[in-house]
Amino acid sequence: LCPRLCPPPGASKWDVREKVWDYLEASGLADFPRPVHRRIPNFKGSRQACCSIKELDVFDRAREIKVDPDKPLEGVRLAALQARKTLLVPTPRLRTGLFNRIVPPSGATKEILQICATSQGIKEYSVPVGLDGKARVDLVVVGSVAVSEKGWRIGKGEGYADMEYAMMVSMGAVQADTPVITIVHDCQVVDIAEELLDDHDLTVDYILTPTRTIKTNCKRPKPQGIIWHKVSYEMLEKIPILKSLRYREKQAGKEVALQDEHSDLTNANTPAVLNEKAKAENTRPQAAMGSAQIGQHYVESDSLSPRLEGSGMITTVYVGNIPPSVRVSELKCALREFRATPLRLNWQGAQHRAFLDYKDKATAESAVSSLKGLSLGGNTLRVELAKNQRNKG
């Protein structure tokens with residue numbers, strides 16, 4: 001057994017991380033990829049720790065399991081696939097959505113399943129799960145840098161595991177009693193001062209090490225959803241699906257002011273104001289916009305912008321998979337919310353699509369990035385540069 005690491009009184013989260021990373025490297029316990037600093041560390045004996053999950057009733061009962069993509073959790077991903085459970089893995093840094101579902105080929109051998117459990121296999125054998133994917137996660141498995149026997153966890157400091165869990169709560173994918181497990185080396189089980197914990201920090205119910213299974217009986221509540229006033233615009237830009245969740249919650253009337261705007265938006269620009277604005281747009285033309293609507297076909301251009309014709313630079317974005325129930329005002333409201341208002345909107349609701357014209361390719365690509373993962377009316381929209389760019393010159 002390794003000696004118990006004891007962070008000094010007053011140690012910060014970062015002090016605890018450094019102590020664990022340094023010890024794993026110095027003791028020869030660290031495993032590929034190295035160095036383990038600034039990572040969820042892999043360690044010698046991780047596969048043995050992972051295998052013990054098969055002895056837990058919560059694993060046996062689970063049908064759908066979310067496992068982080070970290071190297072030390074590879075054995076859990078393999079165990080889930082071998083037990084024919086639905087395996088969900090978060091997309092790296094949440095850049096392209098929330099989950100990928102790992103789908104092994106029909107009749108996959110043990111060797112193929114082992115590949116599916118690796119980072120390369122996650123890329124090759126996965127399909128994305130959108131906000132409308134109706135995920136129902138029965139068990140959550142996360143990596144940790146340090147964890148206490150009380151179930152208090154410290155990650156690598158980027159907040160992705162905490163954010164993933166909060167997003168799953170917002171999606172209805174996890175419940176308050178959904179068990180959370182972490183896999184660590186024995187030396188990563190340390191005393192953590194409660195004052196280091198914040199209300200967005202995820203706690204764990206089971207700790208699996210190469211030598212022990214610890215049931216924490218943690219009473220500290222898990223995050224109840226996304227704490228928007230702790231989310232920055234920078235994080236919103238990095239995680240496109242976060243924008244969709246925020247838009248969805250805003251439409252439901254929830255308080256979604258961000259860290260950067262909390263003081264400004266508490267008293268103004270509430271969801272109710274936005275909703276009233278959207279309703280008004282359905283019943284009257286906007287003063288600064290020229291618009292024409294015939295049945296399901298609708299074209300709107302911004303009369304304050306330079307003329308579209310003759311610029312030679314206009315780039316069109318295609319928006320597809322629009323449900324029949326969605327109205328043009330809802331798309332317009334979303335475009336404003338995501339700071340992706342086009343020069344011209346060509347709405348073709350009967351064909352479940354719309355075309356958005358932007359002043360140049362860079363602006364169009366930025367809009368595609370901003371709108372990626374957007375869900376309206378229960379559908380995740382398909383957003384991409386239009387295949388046929390009309391000659392605007």
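In this structure, S27 contributes its side chain and Y23 its backbone to a donor-acceptor pair below 3.5 Å. Remark: side-chain polar atoms of T203 are not paired, donor with acceptor, to backbone N or O of W152 under 3.5 angstrom. Counting only distance, with no hydrogens or angles, the side chain of D138 and the backbone of E64 share a donor-acceptor pair below 3.5 Å. Between the side chain of Q188 and the backbone N or O of V145 there is at least one donor-acceptor pair closer than 3.5 Å. The main-chain N or O of P179 is never found under 3.5 Å from a side-chain atom of D205 such that the two would form a donor-acceptor pair. Without hydrogens or angle criteria, K156 side chain to S144 main chain gives no donor-acceptor distance under 3.5 Å. Between the side chain of R353 and the backbone N or O of G349, no donor-acceptor pair lies under 3.5 Å. Not one N or O on the side chain of K222 forms a donor-acceptor pair closer than 3.5 Å with the backbone of H200. At least one donor-acceptor pair under 3.5 Å links the side chain of T315 to the backbone N or O of K361. Judged by distance alone, with hydrogens and angles left aside, the side-chain atoms of T182 form a donor-acceptor pair with the main-chain N or O of V142 at under 3.5 Å.
Considering all non-hydrogen atoms of both residues, F43 and P210 come closest at CE1-CG, 4.0 Å. Contact detail for L331 and A354: the closest heavy-atom pair is CD2-CB, 3.9 Å. What you find for L356 and L335 is that their closest heavy atoms are CD1-CD2, 3.8 Å. For the pair C116 and P105, the tightest heavy-atom approach, listed with the atom from each and the gap, is SG-CD, 4.4 Å.
Both cation-pi conditions hold for R339 and Y233: the charged atom is under 6.0 angstrom from the six-membered ring centre and inside a 45 degree cone around its axis.
Residues R153 and D162 are paired through a salt bridge, judged by an N-O separation under 4.0 Å between the basic side chain and the carboxylate. Salt bridge annotation for E164-K66: present, with a cationic side-chain nitrogen under 4.0 angstrom from a carboxylate oxygen. Ion pairing between a basic and an acidic side chain is recognised when a charged N comes within 4.0 Å of a carboxylate O; E330 and K332 show no such pairing. By the 4.0 Å N-to-carboxylate-O rule, K359 lies too far from D357 to be salt-bridged with it. Of the charged side-chain nitrogens involved, none lies within less than 4.0 Å of a carboxylate oxygen, so that K150 and E194 do not count as a salt-bridged pair. Using a 4.0 Å cut-off between charged side-chain N and carboxylate O, D31 and R47 make no salt bridge. Salt-bridge check for K54 with D60: failed, with every basic side-chain N at 4.0 Å or more from each acidic carboxylate O. Salt-bridge annotation for R38 and E18: absent, with no side-chain N of the basic residue lying under 4.0 Å from a carboxylate O of the acidic one.
With 3.5 Å as the limit, one finds a donor-acceptor pair spanning the side chains of D22 and H37. A donor-acceptor pair shorter than 3.5 Å cannot be found between the side chains of N100 and T91.
Other members of the cluster containing V103 are V127, with ILVMFWY side chains joined at under 4.5 Å, either directly or via other members.
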Exercise for review: Show the numbers, then the answer: is there a side-chain hydrogen bond (donor to acceptor under 3.5 Å, both in side chains) between S148 and D191?
Suggested key: CA-CA 5 Å; S148 77; D191 292 328; over 6 Å; no

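Applying the 6.0 Å contact sphere to NZ of K230 captures more than 12 heavy atoms from other residues, nucleotides or ligands. The number of heavy atoms from other shown groups lying within 6.0 Å of CZ (R34) is above 12.
One distance of note links CD1 of I40 with NZ of K71; it measures 15.0 Å at 0.5 Å rounding. The line from NZ of K215 to CD1 of I181 is 11.0 Å long, rounded to the nearest 0.5 Å. With rounding to the nearest 0.5 Å, the separation of CZ in R77 from CG in L88 is 12.5 Å. Between S170 atom OG and K254 atom NZ the span is 6.0 Å, to the nearest 0.5 Å. The distance from atom CG of L81 to atom OG1 of T86, rounded to the nearest 0.5 Å, is 10.0 Å. How far CH2 of W21 is from CH2 of W14: 4.0 Å, rounded to the nearest 0.5 Å.
Residue pairs meeting the ring pair (Phe, Tyr, Trp, His ring centres under 6.0 Å) criterion with at least one member in residues 153-184: none, sequence neighbours excluded.
Annotation: side-chain hydrogen bond (donor to acceptor under 3.5 Å, both in side chains) contacts of E55 (sequence neighbours excluded): none.
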